[in-house]
Amino acid sequence: MSTLELSEQEIIRRNSLEELNKLGINAYPAAEYKTTHFSSEIKQEFDPEKNNLQEVTIAGRIMSRRIMGKASFAEIQDAEGRIQIYINRDDLCPGEDKTLYNTVFKKLLDIGDIVGLKGYVFVTKVGETSLHVKELTILSKSLKPLPIVKEKDGKTYDAFTDSELRYRQRYVDLIVNPQVKEVFEKRRTIIKTMREMFDNAGYLEVETPILQPIPGGAAARPFITHHNALDIPLYMRIANELYLKRLIVGGYDGVYEFAKDFRNEGMDRTHNPEFTVMEIYVAYKDYNWMMEFTETMLEKVAMALHGQTKVMIGENEVDFKAPYRRLSMIDAIKEHTGIDITGMDVAGLRKVCDDLNIEVDDTFGKGKMIDEIFGEKCEGHMIQPTFITDYPVEMSPLCKKHRDNPELTERFELMVNGKELCNAYTELNDPIDQLERFQEQMKLSENGDDEAMFIDMDFVRALEYGMPPTSGMGIGIDRLTMFMTGQDSIQDVLFFPQMRPEKKAQVDSDELFVELGIATEWVEVVRKAGYKTIAALKEAKPGKLFQDICGLNKKHKLGLSNPSQDDVKNWLA
RNA sequence: GACUUAGUAGCUCAGCUGGUAGAGCAACGCCCUUUUAAGGCGUGGGUCCAGGGUUCGAAUCCCUGCUGAGUCACCA
């Protein structure tokens, strides 16, 4: 890499690295560095009365420095937090040679460098538990300056907030913004709590195919790829439902999977093209049982995270204490619009939609219209956890018909803070009904609904062997994490949210520049002057180019001998 | 996909109705042995996102593009 592409601070750090090498210090040593404590342990365990912790070793990143002549303070950040260190010149360098302090620590180390430190713990005059350093080892030199974030009395100064940089360079975000780590630790607690509950119940955690020949189990546009050896298209899964039900057919009474699903659709605050769903299927249960199971699960998760069931989501305090309200979809619509749609036909529903100012088009069936009305008028009002039950049959091709009403299904969604969190059924296990429902979907698809489901004949065949009555539930883990951690963007609960790839400016190779007669050492200078391609260079005015590159030579003290004006003209000829 | 909005130093941001850039932190130099957003004095650092246009003159006005963010649409 040419120094012309580097910022002043990056050049200084690279120079420091060279200086370290000259002193015989390897800034990237290979050997294991054995630590005895984390920062948090020192803070917890140290007792000035006992005067314990008189020989501890820590490792971490330098996050701030306060140098005061012969003594210095710095903050070291490790996996568990930060601790202050105190470095005294004569304690670090007891002999005549003070290089390690004067040169290495004061001049050649920077914020961001990773160091190992050995010493004893004490409390400063101001009352800060600190490590008095006796030995310092460089473990890794940092060549890029970190964003500097300062904090006092809980107030943060110059926070690193640029969302683009935070998501593209999550590693920097994690170093500099400690609250980001917390979100991901909570995410892991959520998953762990759920997994423990399922394991205790004796359910089997399984893995099912991500590459599927038929993308089933949901209605969504899939990502498509190609398998070379088989020469067939394969789809990234949009759901794993049909595979988990095959396992119930196979004789497992309870299976679950934390699964990455992929949907080739729009991205926004609550949608990422790949996202995590937990789906669970339990034999011999129905959706009433599953509602109890779900509310118990969420109560446990909230307790594990917060020690209480009440959670702040934005402005709203949401209480995950079971049991949750249960409301049929028709009753929800009645409650929020005053209209009773029981038994209405297509024309009646269309009129209701018109009256409520809800846009519908001619392809909409009864089910889709009812869903629109609910989505427009009811969903947003469901702040406290509410089970919405008994969805129209058209919307739920994998769900068993309601025991009391064949136009409805035994389905529930759990609404929290105005959004869907869970989706669950008494599963459809009648193979004849299932095939008919798939065929209905085909008709929808022929009518232009590009999200209608594909027919999976192998799944129908599995049902023909007999699946026990089963209830299944799916829950969006990203969304659950958002609720439970108070984040309002899915990007804040994914380490690496999908971003448009960074665009590299087009740059022509050295060879192409050299072919024009430009000496190799001048190529970088020409690029730095703003002419990254031959085409751009050909447009240049020779006089300006000449001045620009000679100016850069002087400014950056490159020590090159300048070309003549005629040389430059010849390049452009 | 549509609309709105933003892109200025390593980071956070000023920069009004056009006159080619500023602050704090970070960096560099000097001083300082218990400081903590350490402090004091001094110095350097910018293709003002890119490309066009208007103008004597553009960070600033206009157009196009790129990349974010927000609303909406889509997401049963």
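Just so you know, these numbers come straight off a predicted model, no measurement behind them. We name chains A, B, ... by the order of the sequence lines, and we start the count at 1 in each one.
The side chain of A:R168 has B:rU67 as its nearest neighbour among B:rG70, B:rC28, B:rU67. For A:V126, taking side-chain heavy atoms from C-beta onward, the closest of the listed nucleotides B:rU34, B:rC30, B:rA69 is B:rU34. Listed nucleotides: B:rG29, B:rC75, B:rC32. Nearest to the side chain of A:I67: B:rC32. Looking at the side chain of A:I148, the nearest of the listed nucleotides B:rA76, B:rC25, B:rU35 is B:rC25. Considering only side-chain atoms of A:E164, the nucleotide from B:rC11, B:rU36, B:rU67 that sits closest is B:rU67. In the set B:rA76, B:rA27, B:rC25, B:rA76 carries the atom at the smallest distance from any side-chain atom of A:P397.
At whole-Å resolution of the value, CG in A:L143 and P in B:rG10 are 16 Å apart. The distance between atom CZ of A:R269 and atom P of B:rU71, rounded to the nearest whole Å, is 4 Å. Residue A:R14 contributes atom CZ, which lies 16 Å from atom P of B:rC28 at whole-angstrom precision. The CG atom of A:D158 sits 6 Å away from the C1' atom of B:rC11 (whole-angstrom rounding). Separating the CG atom of A:L146 from the P atom of B:rG10 is a distance of 14 Å, rounded to the nearest angstrom. A:N88 has its CG atom 6 Å from the C1' atom of B:rU33, to the nearest Å. Summarising the geometry, the separation between CZ on A:F73 and P on B:rA37 is reported as 13 Å, rounded to the nearest angstrom. Separating the CZ atom of A:F412 from the P atom of B:rA76 is a distance of 18 Å, rounded to the nearest angstrom.
Remark: the A:Y86 side chain and the B:rU33 base include a donor-acceptor N/O pair separated by less than 3.5 Å. Residue-to-nucleotide contacts include no donor-acceptor pair under 3.5 Å from the side chain of A:D162 to the base of B:rG68. For A:Q84 against B:rU35, a side-chain N or O and a base N or O form a donor-acceptor pair under 3.5 Å. With hydrogens and angles left out, the side chain of A:E128 and the base of B:rU36 share a donor-acceptor pair within 3.5 Å. Scanning atom types as modelled, one donor and one acceptor separated by under 3.5 angstrom connect the side chain of A:Q9 and the base of B:rA26. The base of B:rU12 does not come close enough to the side chain of A:T161 for any donor and acceptor atom to sit less than 3.5 Å apart.
Across B:rC63 and B:rG46, the matching C1' atoms stand 26 Å from one another, rounded to whole Å. B:rU17 and B:rU60 are spaced 13 Å apart, taking the P atom of each and rounding to whole Å. To the nearest whole angstrom, the two P atoms, one in B:rC61 and one in B:rG15, are 12 Å apart. For the C1' atoms, the distance from B:rU5 to B:rC49 is 15 Å, rounded to whole Å. Across the P atoms, B:rC28 and B:rC16 are found 33 Å apart, a figure rounded to whole Å. For the C1' atoms, the distance from B:rA59 to B:rA14 is 12 Å, rounded to whole Å. Taking the P atoms as reference points, B:rG40 lies 36 Å from B:rA6, given to the whole Å. Separation of the P atoms belonging to B:rC13 and B:rG70 is 16 Å when rounded to the nearest angstrom.
Salt bridge A:D371/A:K368: absent, no basic N to carboxylate O contact under 4.0 Å. Taking the charged nitrogens against the carboxylate oxygens, A:R82 and A:E75 do have a contact shorter than 4.0 Å, which makes a salt bridge. With salt bridges taken as basic N to acidic carboxylate O contacts below 4.0 Å, none links A:E440 and A:R437. A:E10 has no carboxylate O lying under 4.0 Å from a charged side-chain N of A:R13, or vice versa, which leaves the two without a salt bridge. A salt bridge links A:D492 to A:R166: at least one charged side-chain nitrogen sits closer than 4.0 Å to a carboxylate oxygen.
For the pair A:D268 and A:M68, both in contact range of RNA chain B, the more 5′-proximal nearest nucleotide belongs to A:M68. Closest-nucleotide positions on RNA chain B for A:K106 and A:L109 were compared, and the one nearer the 5' end corresponds to A:L109.
Rounding to the nearest 0.5 Å places CG of A:L17 at 7.5 Å from NZ of A:K141. Separating the CZ atom in A:F105 from the CG atom in A:L100 is a distance of 9.5 Å, to the nearest 0.5 Å.
The salt bridge (Lys or Arg N to Asp or Glu O under 4.0 Å) test with A:E427 is passed by exactly one of A:K401, A:R411, A:K245: A:K245.
At the phosphate of B:rA26, neither OP1 nor OP2 sits under 4.0 Å from any side-chain N or O atom of A:R65. Applying the 4.0 Å criterion to OP1 and OP2 of B:rG68, one finds that A:R500 has a side-chain N or O inside that range. For the pair A:K125 and B:rU33, the criterion of a side-chain N or O lying under 4.0 Å from OP1 or OP2 is not met. The phosphate of B:rA38 has OP1 or OP2 within less than 4.0 Å of a side-chain N or O from A:R66. Contact between the side-chain N/O atoms of A:K150 and the OP1/OP2 oxygens of B:rA38 is found at a separation under 4.0 Å. At the phosphate of B:rG68, neither OP1 nor OP2 sits under 4.0 Å from any side-chain N or O atom of A:R166.
B:rG42: Watson-Crick or G-U partner is B:rC28, with both key distances under 3.5 Å. Nucleotide B:rC48 forms a pair with no other nucleotide shown, judged by Watson-Crick or G-U wobble geometry with both contacts under 3.5 Å. Across all strands shown, B:rA73 remains unpaired; no Watson-Crick or G-U wobble contact has both distances below 3.5 Å. Summarising the base pairing, B:rU35 is matched to no nucleotide, lacking a Watson-Crick or G-U wobble pair whose two defining distances lie under 3.5 Å. Across every strand in view, B:rA21 sits unpaired, with no contact that passes the Watson-Crick or G-U test at under 3.5 angstrom. In this structure, B:rC16 forms no base pair with any nucleotide, since neither Watson-Crick nor G-U wobble geometry is met with both distances under 3.5 Å. In this entry B:rU5 has B:rG68 as its Watson-Crick or G-U wobble partner, both defining distances falling under 3.5 Å.
By the 4.5 Å heavy-atom criterion applied to side chains, A:H402 and A:Y287 are counted as neighbours.
Across all strands, A:Y391 comes closer than 4.0 Å to no nucleic acid atom at all (heavy-atom distances). Across all strands shown, A:D371 has heavy atoms under 4.0 Å from sugar-phosphate atoms exclusively, and none from any base. A:Q491 comes within contact range of the sugar-phosphate backbone alone, with a heavy-atom separation under 4.0 Å but no base atom that close.
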